[in-house]
2 protein chains.
Amino acid sequence: MINRKSTKDESKTIEKYALSTDLLIFSVSRGEAKDCRSLSDKFFSILLVKRTKEPFKGMWCLPGGFVKNDETLDMAADRVLTKETNLHDIYKEQLYTFGDLDRDPRTRVITTAYMALIDKEKLTDELSLEASWFNISLNEKDNLININLDNSEEQIHISLKRIIEDETTNKYKYEVVQNNNVAFDHANILMTGLDRIKNKVRDTDIVFNLMPEYFTLGELQQIYEVILGKKLLDPAFRRIIADKVIKTDKTIKTGGHRPSAMFKYKRK
Amino acid sequence: MINRKSTKDESKTIEKYALSTDLLIFSVSRGEAKDCRSLSDKFFSILLVKRTKEPFKGMWCLPGGFVKNDETLDMAADRVLTKETNLHDIYKEQLYTFGDLDRDPRTRVITTAYMALIDKEKLTDELSLEASWFNISLNEKDNLININLDNSEEQIHISLKRIIEDETTNKYKYEVVQNNNVAFDHANILMTGLDRIKNKVRDTDIVFNLMPEYFTLGELQQIYEVILGKKLLDPAFRRIIADKVIKTDKTIKTGGHRPSAMFKYKRK
DNA sequence: CTAATAGTGTCTATTAGACAGTATGTT
DNA sequence: AACATACTGTCTAATAGACACTATTAG
């Protein structure tokens with residue numbers, strides 16, 4: 001017999017901790033078109049905030065905030081999301097809770113990270129002064145992940161090693177190899193989110209949260225490609241999404257080529 | 001311009017909260033064989049603990065405990081897991097963090113739930129007095145979920161309504177319709193875990209954490225069937241798991257039929 | 001004409017589902 | 001022989017990958 005005590009030992013005084021929520025706010029940025037005939041490049045992008053105080057002053061971090069005592073975690077995440085974007089009814093999901101001992105050098109802070117996806121065209125208000133969109137480019141080779149973040153003024157480079165935690169499932173953790181400009185453990189949180197969305201893109205309709213109401217299949221395919229990090233074949237792509245979209249009457253002429261039909265997301 | 005303030009307002013005093021971890025410890029129980037020729041029925045089962053104190057005194061809950069100030073969340077989960085099972089190196093994964101305002105009637109407690117899978121045959125020590133394995137039977141029709149938990153002395157019945165939170169992904173929440181014997185929001189946590197494992201069974205090797213070192217394909221198939229809640233066709237099942245297992249020399253005679261080969265999990 | 005993207009047809013390879021059948025033990 | 005499970009062969013249906021082709025616009 002191993003232990004006869006009650007599972008939760010409620011006799012001792014209970015330690016209390018600061019709780020925060022940090023948000024991975026993802027979107028898609030349109031780059032420059034090479035010439036008038038080309039489609040613009042697309043980038044998967046994330047909203048980061050420049051820290052104005054120590055610790056990590058001047059470095060970039062995820063938008064976040066402490067959980068208030070009249071708020072659920074979801075409500076706290078929504079508050080931060082609305083504060084940063086001034087948008088409501090945005091897709092978000094809880095990502096993971098990070099509770100390492102020294103993730104904040106001041107005091108112990110446990111953070112529940114959320115991931116949100118927005119259509120950047122819905123943004124009407126300017127960003128706050130310290131916030132900025134960074135284009136993400138990601139490549140991985142032999143479990144070494146390189147992330148480049150670019151907001152056209154600054155370039156951040158992060159290297160992470162993917163460490164397999166369990167062989168039966170695809171459970172990883174990440175070891176930061178190089179990171180000079182992302183505060184706290186937020187590089188780790190970012191990578192957790194990038195893996196999550198990559199998996200969800202394959203077997204859910206999550207990408208449509210990044211799309212405007214009307215879009216072309218070419219644009220949609222670009223988003224899939226930029227998140228999955230590989231080219232897709234047109235016929236295969238169109239087969240797969242055929243029953244997820246509705247063709248509309250609208251067409252769009254984007255350059256020196258056949259105009260394309262605009263589609264809408266077909267909700268179930 | 002929406003808000004120029006720093007994202008984390010660090011000037012105010014920060015609220016602090018009690019943090020706990022609750023564990024879904026899953027395993028497989030062997031039921032009675034109908035006759036000497038049949039294989040024993042298998043049940044997917046979970047370890048619950050009877051509460052000895054108010055609130056919810058006498059009701060069943062998940063094993064859990066408060067996070068200590070020198071522990072990460074993972075460490076706290078491991079501590080609870082070892083306390084309940086006396087086992088080490090058990091598969092576990094973080095499930096979700098529940099932070100509703102009134103989930104504990106005493107004071108606000110945020111809990112990070114973990115899910116662990118064990119091979120019950122590895123258990124050598126007796127359970128603690130208040131702990132007991134409950135066989136799970138689950139059925140769902142028209143988004144109404146019925147869960148029956150049975151430890152051969154008590155039967156617990158839970159009904160939950162599955163509420164679709166988002167159409168693009170398969171994101172649900174659950175509304176408890178009926179629950180007379182599971183404490184706190186643990187019925188909700190249980191259902192979150194059941195959905196998680198069902199999804200993981202399809203596209204990972206997670207089930208092997210429930211298996212002993214040597215097993216027959218019939219037994220393995222039973223586990224898949226009991227978790228997925230449906231019968232599988234033999235040839236299709238064997239095709240899918242063919243490259244996940246290694247055939248060994250061992251065979252086993254379990255009754256009035258052809259003896260079956262024993263297999264091992266083939267790690268990648 | 002060319003360049004660029006839009007969009008389709010079709011062949012093939014792979015995978016999933018279904019069912020029938022054989023194998024080998026106990027009672 | 002009857003039964004229960006172990007295990008295999010094979011047909012078919014559905015899906016994924018690959019490539020070739022046509023369509024339509026601007027310049």
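Just so it is clear, the values below take in all heavy atoms, side chains as well, and ignore hydrogens, waters and symmetry mates. Letters A, B, ... are given to chains in the order of the sequence lines, protein chains preceding strands, and every chain is numbered from 1. Please read these numbers as outputs of a predicted model, since none were measured by experiment.
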Self-check item: Nearest-Å distance for atom pair CZ/P, residues B/Arg238 and D/dA6
Solution: 7 Å
Quiz prompt | A/Tyr114: partners by ring pair (Phe, Tyr, Trp, His ring centres under 6.0 Å), with sequence neighbours left out | solution = none
Quiz item: A/Phe263 has an atom CZ; how far is it from atom C1' of C/dG7, in whole Å?
Solution: 9 Å
Quiz prompt | Length of the line joining B/Arg202:CZ and C/dT15:C1', which is rounded to integer Å | solution = 17 Å
Exercise. For A/Lys171, enumerate each residue passing the salt bridge (Lys or Arg N to Asp or Glu O under 4.0 Å) test, keeping only those at least two apart in sequence or located in another chain.
Key: A/Glu165
Quiz prompt | Complementary nucleotide for D/dG9 - Watson-Crick or wobble, under 3.5 Å | solution = C/dC19
Quiz item: Between atom CD1 in B/Ile241 and atom P in C/dT15, what is the gap in whole Å?
Solution: 16 Å
Quiz prompt | Residues that A/Asp195 engages under side chain to side chain donor-acceptor pair (under 3.5 Å), provided they are two or more places apart | solution = A/Arg162, A/Tyr174
Quiz prompt | Set of residues satisfying ring pair (Phe, Tyr, Trp, His ring centres under 6.0 Å) with respect to A/Phe98, sequence neighbours excluded | solution = A/Tyr96
Exercise. Indicate for each nucleotide in nucleotides 15-27 of chain D, in 5' to 3' sequence, whether protein heavy atoms under 4.0 Å reach the base (B), only the sugar-phosphate (S), or nothing (-).
Key: -BBBB---BBBBB
Self-check item: Ion pair check, B/Lys200 and B/Glu93, cut-off under 4.0 Å
Solution: yes
Quiz prompt | Whole angstrom value for the distance that separates P of D/dT5 from CE of B/Met262 | solution = 17 Å
Quiz item: Just how far, in rounded Å, is P of C/dA16 from CG of B/Asp243?
Solution: 10 Å
Quiz item: Rounded to the nearest Å, what distance is computed from the CZ atom of residue B/Phe237 to the P atom of nucleotide D/dT8?
Solution: 13 Å
Exercise. Quick one: which residue pairs count as a salt bridge (charged side-chain N to carboxylate O under 4.0 Å, His left out) with a foot in residues 151-161 of chain A, not counting sequence neighbours?
Key: A/Lys50-A/Glu154
